Amino acid sequence: MKRIALFPGSFDPFTKGHEDIVLRGLKLFDEIIIAIGYNSQKQNRYFEIEYMEQKIIETFAHQPSVSVIVYSELTAQLATKYNAKYILRGLRNTTDFEYENSISQVNRDLNEELETVFLITSPELAAVNSSIVREVHRYGGHVQKYLPYML
């Protein structure tokens, strides 16, 4: 049976940290579906979702085992649709763990076949997060070194 993992997130924007998690995840899973979700906690996106979808597709154009989708539903339900038994998540620090642990517990309650796999962020990328990249970009700073694609 294929090991299919969902890598869900708002990816606003998708950073080199996210890319690193996907590339490392490919050593564990046969297929990774990057699932760009509409986060109800985030009212307005900085980068249009269609733009980000295209940039992520371009980033993994030479990785046939990586696909990209956009979704607006419970992640646990989405996993069932795609026969994914795993959720892939990256952790930068203990704050991320606390947040992600709660989500993983609920996902497991909603879909008992679903396992969440956490990868610790590579040290050189631990400071990179989408919120900081958005702020730097918003005020004209250079963000290219944090992104795996050209803006």
Side-chain angles (χ1 to χ4, degrees), residues 4-26 28-29 31-82 84 86-108 110-111 114 116-151:
I4 301 170
L6 284 180
F7 183 39
S10 55
F11 305 119
D12 189 20
F14 188 88
T15 68
K16 284 186 177 179
H18 296 128
E19 177 191 37
D20 180 60
I21 295 298
V22 172
L23 293 174
R24 290 171 47 217
L26 286 172
L28 304 172
F29 303 108
E31 182 181 338
I32 295 176
I33 302 167
I34 300 170
I36 308 169
Y38 290 95
N39 187 334
S40 60
Q41 304 276 324
K42 299 176 183 176
Q43 298 300 333
N44 298 313
R45 289 185 62 91
Y46 184 76
F47 292 99
E48 293 292 326
I49 205 162
E50 295 81 11
Y51 176 77
M52 198 50 46
E53 177 185 25
Q54 189 56 44
K55 290 300 182 183
I56 300 170
I57 288 169
E58 289 170 14
T59 299
F60 295 102
H62 300 295
Q63 293 283 352
S65 53
V66 176
S67 58
V68 183
I69 61 169
V70 175
Y71 77 107
S72 181
E73 63 188 282
L74 291 173
T75 302
Q77 291 173 336
L78 182 71
T80 301
K81 277 186 188 177
Y82 285 89
Y86 306 94
I87 300 289
L88 176 63
R89 299 298 293 158
L91 298 175
R92 292 174 305 223
N93 52 44
T94 56
T95 303
D96 282 355
F97 174 76
E98 292 296 327
Y99 176 73
E100 294 292 343
N101 183 49
S102 297
I103 293 171
S104 72
Q105 297 296 330
V106 172
N107 280 333
R108 183 69 186 264
L110 295 171
N111 179 344
L114 199 54
T116 300
V117 176
F118 298 114
L119 294 181
I120 304 301
T121 304
S122 295
E124 67 275 11
L125 298 170
V128 178
N129 74 54
S130 295
S131 298
I132 291 171
V133 173
R134 282 194 307 272
E135 281 301 297
V136 171
H137 187 267
R138 178 177 284 123
Y139 293 106
H142 299 288
V143 295
Q144 202 55 61
K145 68 181 179 178
Y146 308 118
L147 306 174
Y149 49 84
M150 297 299 294
L151 277 183

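These numbers come from a predicted model, not from an experiment. Because only heavy atoms are used, hydrogens play no part in the values below, and waters and symmetry mates are left out as well, while side chains stay in.
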Exercise. Quick one: does Thr15's side chain have a donor or acceptor within less than 3.5 Å of a partner on Leu147's backbone?
Worked result: no

Exercise. Hey, mind stepping through Ile33 and Leu78 against side-chain contact (heavy atoms from CB on, under 4.5 Å) and telling me if it holds?
Worked result: CA-CA 11 Å; Ile33 302 167; Leu78 182 71; over 6 Å; no

Exercise. With no hydrogens and no angle check, is any side-chain donor or acceptor of Arg138 less than 3.5 Å from a backbone partner on Tyr46?
Worked result: no

Problem set entry | Which atom of Gly25 lies closest to which atom of Leu119, heavy atoms considered | N-CD1, 3.9 Å

For this session: Identify the two heavy atoms, one from Arg45 and one from Gly37, that lie closest to each other, and give their separation to 0.1 Å.
Result: NH1-O, 4.2 Å

For this session: Would you name the heavy atoms of Leu114 and Tyr86 that are closest together and state the gap between them?
Result: CD1-N, 3.8 Å

Exercise. Among Lys16, His18, Arg24, whose side chain to side chain donor-acceptor pair (under 3.5 Å) with Asp20 holds?
Worked result: Arg24

May I have the list of side-chain donor-acceptor pairs in residues 51-73 shorter than 3.5 Å, sequence neighbours left out?
{"from": "Lys55", "atom 1": "NZ", "to": "Met150", "atom 2": "O", "distance (Å)": "2.9"}
{"from": "Thr59", "atom 1": "OG1", "to": "Lys55", "atom 2": "O", "distance (Å)": "2.8"}
{"from": "Tyr71", "atom 1": "OH", "to": "Thr75", "atom 2": "OG1", "distance (Å)": "2.7"}
{"from": "Glu73", "atom 1": "OE1", "to": "Lys81", "atom 2": "NZ", "distance (Å)": "3.4"}
{"from": "Glu73", "atom 1": "OE2", "to": "Lys81", "atom 2": "NZ", "distance (Å)": "3.0"}

Seminar exercise, completed: In terms of heavy-atom contacts, Leu6 and Ala35 come closest through CD2-CB, 4.4 Å

Exercise. Around atom CZ of Phe29, are there more than 12 heavy atoms of other residues, nucleotides or ligands at under 6.0 Å?
Worked result: yes

Exercise. Does Arg134 reach the main-chain N or O of Asp12 with its side chain, forming a donor-acceptor pair under 3.5 Å?
Worked result: yes

Problem set entry | Any Glu100 side-chain heavy atom under 4.5 Å of Thr116 side chain | no

Exercise. Are any side-chain N or O atoms of Gln144 and backbone N or O atoms of Tyr149, one a donor and one an acceptor, separated by less than 3.5 Å?
Worked result: yes

For this session: Work out which heavy atom in Asp96 is nearest to a heavy atom in Gly90; give both atom names and the distance.
Result: OD2-O, 4.4 Å

Seminar exercise, completed: Distance col, row Ile21:CD1 vs Leu26:CG, nearest 0.5 angstrom, shows 11.5 Å

Exercise. Mind checking whether Phe97 and Phe118 have parallel, tilted or perpendicular rings, split at 30° and 60°?
Worked result: perpendicular

For this session: Taking atom CD of Glu48 as the centre, report whether more than 12 heavy atoms of other residues, nucleotides or ligands fall under 6.0 Å from it.
Result: no

For this session: Scan side-chain atoms only and decide if Asn111 and Thr80 contain a donor-acceptor pair under the 3.5 Å cut-off.
Result: yes

Problem set entry | Point-to-point distance, once rounded to the nearest 0.5 Å, from CZ of Phe14 to CD1 of Ile36 | 8.5 Å

Exercise. Any sub-3.5 Å donor-acceptor pair from Ser130's side-chain atoms to Pro13's backbone N or O?
Worked result: yes

